[in-house]
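Accompanying notes for the structure given below.
In what follows, chains are A, B, ... by sequence order, proteins preceding strands, each numbered from 1.
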Amino acid sequence: MGAKTTAGNFFEDFSLGQVINHATPRTLTTGDAALYGALYGCRFAVQSSETFAKALGYEAAPLDDLLVFHVVFGKTVPDISLNAVANLGYADCRFLKPAFPGDTLTATSRVIGLRENSNRKTGVVYVRSTGRNQHGGTVLEYVRWVMVRKRDEAAPAPESEVPQLPDKVEPSALGGAVPALNPAAYDDELAGSSARWGDYEVGERIDHVDGMTIEEAEHQMATRLYQNTARVHFNQHTEGAGRFGRRLVYGGHIISLARALSFNGLANAFHIAAINGGRHVAPAFAGDTIYAWSEILEKAELAGRDDVGALRVRTIGLKDRNAADFPLMADENTPEEGVILDLDYWVVLPK
Amino acid sequence: MGAKTTAGNFFEDFSLGQVINHATPRTLTTGDAALYGALYGCRFAVQSSETFAKALGYEAAPLDDLLVFHVVFGKTVPDISLNAVANLGYADCRFLKPAFPGDTLTATSRVIGLRENSNRKTGVVYVRSTGRNQHGGTVLEYVRWVMVRKRDEAAPAPESEVPQLPDKVEPSALGGAVPALNPAAYDDELAGSSARWGDYEVGERIDHVDGMTIEEAEHQMATRLYQNTARVHFNQHTEGAGRFGRRLVYGGHIISLARALSFNGLANAFHIAAINGGRHVAPAFAGDTIYAWSEILEKAELAGRDDVGALRVRTIGLKDRNAADFPLMADENTPEEGVILDLDYWVVLPK
Amino acid sequence: MGAKTTAGNFFEDFSLGQVINHATPRTLTTGDAALYGALYGCRFAVQSSETFAKALGYEAAPLDDLLVFHVVFGKTVPDISLNAVANLGYADCRFLKPAFPGDTLTATSRVIGLRENSNRKTGVVYVRSTGRNQHGGTVLEYVRWVMVRKRDEAAPAPESEVPQLPDKVEPSALGGAVPALNPAAYDDELAGSSARWGDYEVGERIDHVDGMTIEEAEHQMATRLYQNTARVHFNQHTEGAGRFGRRLVYGGHIISLARALSFNGLANAFHIAAINGGRHVAPAFAGDTIYAWSEILEKAELAGRDDVGALRVRTIGLKDRNAADFPLMADENTPEEGVILDLDYWVVLPK
């Protein structure tokens with residue numbers, strides 16, 4: 001007999017090169033897709049319609065890329081970030097294969113960096129997490145780093161190793177999750193916009209106009225759908241006495257809301273190919289109304305593809321403030337009031 | 001480069017005979033059916049049970065007729081009613097074919113009437129909207145008219161054209177969405193009632209007894225499930241400063257609640273064949289408890305069918321008031337306090 | 001013409017030996033499974049993953065046992081407990097076959113006991129309810145007794161008949177819902193724990209650590225998913241003026257929350273084989289945060305099985321109080337503050 005419950009890993013439990021196979025494998029279904037749709041109101045035609053997806057060359061309507069991300073991320077939480085003080089960042093996140101209803105996802109993380117903080121109380125853990133389907137194919141891969149508490153401050157510090165991470169995913173490293181498609185078969189009317197890859201310009205800014213108010217039941221259902229066990233999202237009894245006095249909304253919920261809102265302006269950006277980096281500038285809570293705006297940072301051809309091209313997009317999420325004036329920084333170091341998300345990612349559009 | 005976001009169509013953007021193919025095609029699944037069930041608590045046996053439906057001659061358990069309606073309606077919102085001042089009415093709504101999990105619905109609208117208002121600020125747009133499945137079959141058809149703002153008050157008025165619309169769908173025009181069924185194979189016990197078509201009388205009034213309280217998360221999830229983008233349902237930040245100080249519940253959510261409540265009294269009315277007309281008498285908000293009662297307006301044989309018959313039903317939706325005294329009109333022009341919905345429709349029951 | 005709505009059965013409507021076939025048959029789907037997951041955050045690998053379940057010998061990932069219980073229970077409500085004053089108890093509940101997405105469940109109850117109370121106003125009704133799949137196979141069976149109002153106090157009392165009920169299901173009576181499995185094929189890492197049947201000891205107590213706050217929208221959606229029509233869960237208009245001033249959370253929602261929380265400590269207890277008895281010690285409401293702890297009451301070999309064994313577990317549900325000090329009884333007769341559920345059941349784990 002021994003402890004059956006886990007308190008999660010502390011900083012000294014991680015070692016460089018360590019590989020963690022996360023529980024629980026998860027078969028995603030059209031049920032998950034329906035729920036994801038009801039939580040965010042997505043309207044991208046490829047994910048919404050079997051016939052639209054198949055006409056383009058998909059074997060079926062793929063699941064939303066962010067649903068896949070959240071499910072893989074959720075699996076890593078019990079092992080990686082249960083004792084996290086802070087989620088510090090993401091990098092090199094690539095969506096390599098589409099996931100379809102019926103696919104079963106598992107997640108594995110490899111510790112690729114460790115650095116104890118000078119206060120000896122915490123350390124930074126870098127992991128490269130991989131989501132695989134039932135055939136062993138890599139669906140998703142990303143690096144994440146978190147600040148984790150030590151169980152015992154006296155535990156010896158590991159040798160410091162800080163991995164070099166790319167500021168962005170190079171276009172040449174973007175995956176082949178989108179099948180070769182016939183741009184003529186892509187129906188702009190049904191997709192909701194005639195603006196294709198060629199119609200966007202670097203520097204262009206887009207106000208996504210609409211706002212969406214978050215309810216406790218919604219973000220809790222979303223976060224449980226992802227089997228994410230981070231306590232701060234579910235427990236008013238403890239959080240009521242905590243730092244914010246209330247449950248914190250999972251950052252990924254904000255990303256998904258911003259992505260759904262971005263349909264109004266980026267309707268043909270049907271696939272997220274990579275996330276270059278992201279920052280949750282401020283917390284969000286039930287009752288907050290989320291808005292978003294985007295800037296086109298970069299345009300890229302994809303090697304060997306004349307059917308689709310990539311846009312590097314920076315999407316700013318806001319709360320209780322609309323995006324008409326494109327709020328960002330109040331001064332060099334201070335985000336403007338209401339800015340809560342700063343996400344840098346690549347999307348794919350038909351040419 | 002140009003505007004990528006749409007502000008919706010204004011009155012002067014519509015022209016008589018114009019056909020609009022709406023985005024986004026949508027494959028409906030058992031996931032959508034499960035969510036629809038959880039949102040309303042429907043208990044009609046045909047939609048709830050594969051075995052019950054197949055015993056009657058359906059190829060599978062059909063999706064709830066109102067789920068189909070809401071999904072088709074939702075598609076029309078971005079093009080038709082984003083700038084609507086008011087939803088004025090519905091007519092001639094017919095459910096022509098059943099929709100099954102796996103079917104992909106698209107929606108098209110034809111402008112069949114236009115009339116500028118004398119104030120020159122708004123006009124009425126009449127559209128006939130059609131929902132089709134992936135085989136091109138018409139699943140649903142209805143006329144709707146909305147009052148839409150003009151972008152520019154100086155824009156010239158179109159020639160007035162007001163379509164003639166039927167007060168009700170004639171029984172002879174009711175669709176064949178119900179397969180020929182063997183009334184003996186229809187199990188009253190499993191269906192929940194022994195009252196069949198022959199047991200209802202014109203003028204009969206039925207108190208549906210139960211009440212259901214609406215939560216913000218519920219109506220938001222419902223309305224997003226339908227990919228309905230009307231802002232008033234989702235944005236507390238703007239609506240808090242608006243006319244009601246809060247988010248407005250999508251009228252279709254009330255219709256679906258009333259329909260689900262009507263099971264208690266109309267358990268065998270498993271199919272909605274047509275909606276003759278409907279009026280949202282007063283708005284509904286989260287926290288309201290919805291009740292309903294119905295009156296049998298008419299009974300009709302269906303040509304060539306001795307298995308099923310139709311009832312024309314008027315269902316009155318109420319809020320925060322039960323239906324025991326069948327509230328309706330306080331005087332000739334004023335609905336009674338609490339009346340929020342007045343729906344006139346045809347249902348089909350086994351004989 | 002006659003009453004089309006039902007006020008439910010009163011005590012004098014029941015007779016010994018009576019068999020009631022409940023409405024509405026219900027096909028369960030991956031949509032229901034997704035929603036169930038989002039409502040509780042279950043992480044048991046067998047139900048979560050098609051590949052994990054099939055590797056063990058299941059034909060598919062089975063539905064959560066409690067989802068099956070709630071659906072069967074929900075069907076009995078309109079006939080058995082609409083006029084119940086109190087749910088008095090459960091006994092002899094056995095899960096005999098797994099249910100899979102696509103299965104259609106029906107429910108039947110047989111009246112096995114009746115006893116009028118001395119006040120002549122109420123009586124106790126004992127029913128054995130059976131849930132069957134579309135092949136007629138018994139998926140679930142349980143006895144439940146409820147105190148039901150009389151319609152007419154002057155109605156004659158039936159002859160008293162109180163069935164003998166087992167304090168617990170004997171291990172020899174536990175069903176064969178788990179296929180013969182290869183313990184070596186059971187992947188502890190993916191399942192989330194290395195603690196198998198042999199690692200638990202009688203008397204061992206487990207704090208399940210986490211807490212989950214209930215929202216109105218969540219318990220309403222759950223209870224409607226089960227097609228449970230008990231009014232107290234949905235109607236704030238009447239309940240606001242009632243005993244508690246608010247909607248009561250369905251007791252089964254608490255059981256499912258406690259079960260999901262118990263993953264942290266009982267991760268390999270993937271199947272509930274029986275419920276020996278259960279008591280809702282105190283009501284729960286939206287806003288309550290649920291915690292749980294468990295005690296291992298008994299260990300049992302299963303006849304002819306060396307792959308799996310059974311644990312008899314008592315799980316205590318708490319509200320707004322964590323389980324670190326294993327709260328139970330304040331004195332012999334009084335539960336400690338915060339105790340809301342006392343559930344005695346058998347789970348199956350790999351050896």
Side-chain angles (χ1 to χ4, degrees), chain A residues 29-45 47-53 60-61 101 187-193 195 199-201 204 206-218 220-221 260 263-267 286-291 319-322, chain B residues 1-8 20-36 38-39 74-75 78-79 101-108 133-135 215-231 233-240 246-247 286:
Chain A
T29 68
T30 53
D32 298 301
L35 208 33
Y36 190 85
L39 287 163
Y40 304 109
C42 316
R43 289 183 288 143
F44 294 98
Q47 286 77 20
S48 177
S49 164
E50 212 51 25
T51 52
F52 194 95
D187 185 322
D188 288 348
E189 247 183 333
L190 288 180
S193 168
D199 298 310
Y200 290 86
E201 286 182 16
E204 184 175 353
I206 303 163
D207 171 6
H208 299 307
V209 180
D210 304 306
M212 194 83 81
T213 304
I214 301 171
E215 297 295 321
E216 298 280 13
E218 293 168 1
Q220 290 200 145
M221 288 183 70
F263 179 86
N264 196 352
L266 285 163
D288 290 347
T289 299
I290 307 305
Y291 294 88
K319 72 176 186 186
D320 295 339
R321 166 172 191 165
N322 72 43
Chain B
M1 174 176 148
K4 303 298 189 306
T5 55
T6 170
I20 302 171
N21 294 314
H22 305 292
T24 303
R26 171 88 151 82
T27 304
L28 290 169
T29 68
T30 53
D32 299 301
L35 208 33
Y36 190 85
L39 287 163
K75 295 194 183 326
D79 297 314
D103 281 355
T104 299
L105 301 185
T106 51
T108 302
N133 64 23
Q134 70 277 21
H135 309 299
E215 297 295 321
E216 298 281 12
E218 293 169 1
H219 78 84
Q220 291 200 147
M221 288 183 70
T223 310
R224 282 187 298 239
L225 183 70
Y226 314 140
Q227 297 177 315
N228 181 323
T229 59
R231 295 157 189 163
H233 309 314
F234 302 113
N235 188 326
Q236 183 58 35
H237 181 238
T238 53
E239 297 312 306
R246 47 200 312 208
R247 282 162 280 177

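Only the backbone of D207(A) comes within contact range of chain B, with at least one heavy atom under 4.5 Å from a heavy atom of that chain. Looking at F263(A), only its side chain comes within 4.5 Å of chain B, counting heavy atoms on both sides. For T29(B), the part sitting under 4.5 Å from any heavy atom of chain A is the side chain, from C-beta outward, and nothing else. The parts of R26(B) that come within reach of chain A are both its backbone and its side chain, each placing non-hydrogen atoms under 4.5 angstrom from that chain. Heavy-atom distances place the side chain of P78(B), and not its backbone, under 4.5 Å from chain A. For T229(B), the part sitting under 4.5 Å from any heavy atom of chain A is the side chain, from C-beta outward, and nothing else. With a threshold of 4.5 angstrom between heavy atoms, A191(A) approaches chain B through N, CA, C or O but not through any side-chain atom. At a 4.5 Å heavy-atom cutoff, the contact between T6(B) and chain A is made by backbone and side-chain atoms alike.
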_Under the criterion side-chain contact (heavy atoms from CB on, under 4.5 Å), I'd like the reasoning laid out for L35(B) against L35(A): C-alpha separation, chi angles, the key distance, then a yes or no._
CA-CA 7 Å; L35(B) 208 33; L35(A) 208 33; 3.7 Å; yes
*Given N228(B) and T223(B), is the side-chain contact (heavy atoms from CB on, under 4.5 Å) satisfied, shown in steps?*
CA-CA 6 Å; N228(B) 181 323; T223(B) 310; 3.6 Å; yes
*Which is it for E50(A) and Q134(B) under the side-chain contact (heavy atoms from CB on, under 4.5 Å) test, yes or no, and what are the steps along the way?*
CA-CA 9 Å; E50(A) 212 51 25; Q134(B) 70 277 21; over 6 Å; no
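For the pair F52(A) and T24(B), the minimum side-chain heavy-atom distance is 4.5 Å or more. At least one side-chain heavy atom of N235(B) sits under 4.5 Å from a side-chain heavy atom of Y291(A). The shortest side-chain heavy-atom distance between M212(A) and R224(B) falls under the 4.5 Å cut-off.
Among G41(A), S48(A), A34(A), the residue making the largest number of heavy-atom pairs under 4.5 Å with chain B is S48(A). Most heavy-atom pairs under 4.5 Å with chain B: of the set G192(A), G31(A), G265(A), G287(A), this distinction falls to G265(A).
Between T27(B) and T51(A) the shortest heavy-atom distance is OG1-N, 4.3 Å.
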